[in-house]
Novice: 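One structure, pasted below without further comment.
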Amino acid sequence: MSSTSQKHKEFVAEPMGEKPVNALAGIGEVLGKRLEEKGFDKAYVVLGQFLVLKKDEELFRDWLKDSCGANVKQQGDCYGCLREWCDSFL
């Protein structure tokens with residue numbers, strides 16, 4: 001059984017709105033800045049990429065690693081956060 005962080009729980013508990021990219025589980029200040037520099041400044045922009053990749057875990061993890069250098073745990077946290085948000089709100 002995997003546990004989720006408080007950040008994850010807070011993110012999936014409500015609509016995304018204009019939340020910054022670093023509101024996503026697994027994305028802290030450093031990765032958030034790297035994503036912002038590539039135009040992914042809001043959580044919904046990362047969600048768009050997640051959907052373009054058809055919610056495929058392997059493709060999304062690879063994209064996150066290539067885009068901002070996210071490690072395996074960060075990739076999994078972010079993927080899980082977006083997957084659960086989609087299950088609740090889409």
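No experiment lies behind these values; they were computed from the predicted model shown.
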Novice: Is there any ring pair (Phe, Tyr, Trp, His ring centres under 6.0 Å) pair reaching into residues 14-35, and which pairs are they, with sequence neighbours excluded?
Specialist: none
Novice: Is there a side-chain contact between Val21 and Val45 (heavy atoms, below 4.5 Å)?
Specialist: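 Of all side-chain heavy-atom pairs linking Val45 with Val21, none is under 4.5 Å.
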Novice: Find the distance between CG (Leu82) and CG (Leu90) and round it off to the nearest 0.5 Å.
Specialist: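 It comes to 10.0 Å.
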Novice: For residues 47-64, pull every pair meeting side-chain hydrogen bond (donor to acceptor under 3.5 Å, both in side chains), keeping only residues two or more places apart or in separate chains.
Specialist: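 Counting only pairs at least two positions apart or across chains, the side-chain hydrogen bond (donor to acceptor under 3.5 Å, both in side chains) contacts touching residues 47-64 are Glu57-Arg61, Trp63-Ser67.
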Novice: Taking atom CG of Leu64 and atom CG of Leu59, what is their separation to the nearest 0.5 Å?
Specialist: 12.5 Å
Novice: Identify the two heavy atoms, one from Cys68 and one from Leu35, that lie closest to each other, and give their separation to 0.1 Å.
Specialist: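 In this case the closest contact between Cys68 and Leu35 is CB-CG, 3.9 Å.
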Novice: Spell out, yes or no, whether Phe89 and Leu24 are grouped together once hydrophobic residues are joined by side-chain heavy atoms under 4.5 Å, including indirect joins.
Specialist: yes
Novice: Does any non-hydrogen side-chain atom of Phe50 lie less than 4.5 Å from one of Cys78?
Specialist: no
Novice: Please give me the minimum heavy-atom distance between Gly17 and Tyr44, naming the atom from each residue.
Specialist: O-CD2, 3.5 Å
Novice: Taking only residues at least two apart or on different chains, which pairs with a member in residues 9-36 satisfy side-chain hydrogen bond (donor to acceptor under 3.5 Å, both in side chains)?
Specialist: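 Sorted pair list: Gln6-Glu10, Glu14-Lys19.
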Novice: Could you name each residue pair satisfying side-chain hydrogen bond (donor to acceptor under 3.5 Å, both in side chains) that touches residues 75-90, not counting sequence neighbours?
Specialist: His8-Glu84, Lys73-Asp77
Novice: Does Leu51 share a hydrophobic cluster with Val46, counting links as ILVMFWY side-chain heavy atoms below 4.5 Å and allowing steps through other members?
Specialist: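 The answer is yes; both residues are in one hydrophobic cluster.
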Novice: Is the shortest side-chain heavy-atom distance between Cys86 and Leu47 below 4.5 Å?
Specialist: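 When only atoms from C-beta onward are counted, Leu47 and Cys86 do touch, with a gap below 4.5 Å.
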Novice: Please report the interatomic distance SG(Cys81) to CD1(Ile27), rounded to the nearest 0.5 Å.
Specialist: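 It comes to 9.0 Å.
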Novice: How far apart are the closest heavy atoms of Leu31 and Gly69, and which atoms are they?
Specialist: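 Nearest heavy atoms, Leu31 then Gly69: CD2-C, 4.2 Å.
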Novice: Test: ring pair (Phe, Tyr, Trp, His ring centres under 6.0 Å). Region: residues 13-33. Which pairs qualify, not counting sequence neighbours?
Specialist: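 Sorted pair list comes back empty.
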